[in-house]
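Notes follow once the structure below has been shown.
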Amino acid sequence: MNPISVTVTGRLGDDPRTFTTRDGTDGVELRLALDLPARGSGEGITRWVKVTAFGLLASRTAESVRKGDRVTVVADDLVAEAWAASGSGEPRARVALRAREIAASMAFDSLRTGFAARRAARLAAANGEANDLPAGEQ
């Protein structure tokens, strides 16, 4: 069992940024704004977290979410990143998470996953009926 398990919920600050790794694996990077409640009489603050995902999770996430969408991320790896700002040389840092699961928040929006339609198409394919599934899913 992995000793690290982090779950965060926030809004996307930008549209997903897609990339491909050197070995050809699809990847996606998300900038997630986490709104933390106020402590005492102060104001709440926003923390920014970088989230990366790879493979099928990356491609499905890139197709499904956009800037402003509220998502929940379950991560099994946490990394602190530090660097110097390119213009000023000021130190910068952030927390980065590697996602195991990414889900849209149903409290703020609706979502149609397409699972039921894909399942029906797979059953049709299994019965020799016409369907529009890619060859790899039949």
Side-chain angles (χ1 to χ4, degrees):
M1 180 178 151
N2 190 339
I4 297 174
S5 182
V6 178
T7 303
V8 294
T9 299
R11 291 201 181 272
L12 295 182
D14 297 307
D15 285 340
R17 184 184 73 79
T18 59
F19 59 92
T20 304
T21 64
R22 280 183 241 135
D23 70 356
T25 303
D26 289 336
V28 69
E29 181 180 302
L30 308 173
R31 279 184 1 107
L32 195 61
L34 310 178
D35 292 324
L36 304 177
R39 293 184 181 179
S41 61
E43 291 186 27
I45 59 172
T46 300
R47 294 273 190 238
W48 289 91
V49 176
K50 174 184 158 184
V51 176
T52 55
F54 299 92
L56 195 53
L57 177 59
S59 55
R60 286 181 175 166
T61 299
E63 293 171 3
S64 302
V65 297
R66 293 289 170 260
K67 178 180 179 177
D69 287 347
R70 186 175 168 96
V71 298
T72 297
V73 174
V74 178
D76 56 9
D77 193 11
L78 174 130
V79 177
E81 299 177 344
W83 69 97
S86 57
S88 65
E90 288 185 40
R92 300 280 188 220
R94 68 178 164 207
V95 172
L97 301 174
R98 181 169 177 173
R100 181 171 29 102
E101 295 279 340
I102 299 173
S105 173
M106 297 298 103
F108 294 89
D109 207 349
S110 60
L111 173 73
R112 306 235 8 121
T113 65
F115 176 78
R118 286 192 310 276
R119 182 173 182 226
R122 278 195 297 275
L123 288 172
N127 291 329
E129 299 171 24
N131 64 79
D132 59 356
L133 284 172
E137 290 188 38
Q138 292 186 17

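Side chains included, hydrogens not; waters and symmetry mates left out as well; all remaining heavy atoms used.
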Quiz prompt | Flag side-chain contact, heavy atom, 4.5 Å: Pro16 against Arg66 | solution = yes
Quiz item: How far does CD of Glu101 sit from OG1 of Thr7, to the nearest 0.5 angstrom?
Solution: 10.0 Å
Give every donor-acceptor pair under 3.5 Å between a side-chain atom in residues 24-36 and any protein atom, sequence neighbours left out.
{"unit_1": "Thr25", "atom_1": "OG1", "unit_2": "Asp23", "atom_2": "OD1", "d": "2.8"}
{"unit_1": "Glu29", "atom_1": "OE1", "unit_2": "Arg17", "atom_2": "NH2", "d": "3.0"}
{"unit_1": "Arg31", "atom_1": "NE", "unit_2": "Asp14", "atom_2": "OD2", "d": "2.5"}
{"unit_1": "Asp35", "atom_1": "OD1", "unit_2": "Thr46", "atom_2": "OG1", "d": "2.8"}

Quiz item: Are side-chain heavy atoms of Val71 and Thr9 found at a separation under 4.5 Å?
Solution: no
Practice problem: Heavy atoms only: give me the nearest Glu43-Ala38 pair and the separation to one decimal. | Solution: C-CB, 3.6 Å
Quiz prompt | Test item: Ser59 side-chain N/O and Leu56 main-chain N/O as donor-acceptor pair under 3.5 Å | solution = yes
Exercise. Identify whether Leu57 and Leu78 are in the same connected component of the hydrophobic contact network (ILVMFWY, side-chain heavy atoms under 4.5 Å).
Key: yes
Quiz prompt | Sole residue of Val73, Asp76, Val6 in side chain to side chain contact (heavy atoms under 4.5 Å, CB included) with Arg100 | solution = Asp76
Exercise. Report the C-alpha separation of Val65 and Leu12 in whole Å, then their side-chain angles, then the decisive distance to 0.1 Å, and conclude whether the side-chain contact (heavy atoms from CB on, under 4.5 Å) test is met.
Key: CA-CA 8 Å; Val65 297; Leu12 295 182; 3.5 Å; yes
Quiz item: Do you reckon Val8 sits in the same ILVMFWY cluster as Ile102, going by side-chain contacts under 4.5 Å, direct or chained?
Solution: yes
Exercise. For side-chain contact (heavy atoms from CB on, under 4.5 Å), just list the numbers for Trp83 and Arg94, CA-CA rounded to whole Å, side-chain angles, deciding distance to a tenth of an Å, and then say yes or no.
Key: CA-CA 9 Å; Trp83 69 97; Arg94 68 178 164 207; 3.8 Å; yes
Self-check item: NZ-CG distance between Lys67 and Asp15, expressed to the nearest 0.5 angstrom
Solution: 8.0 Å
Quiz item: Which pair of heavy atoms, one from Ala58 and one from Ala53, lies closest together, and at what distance?
Solution: CB-O, 3.3 Å
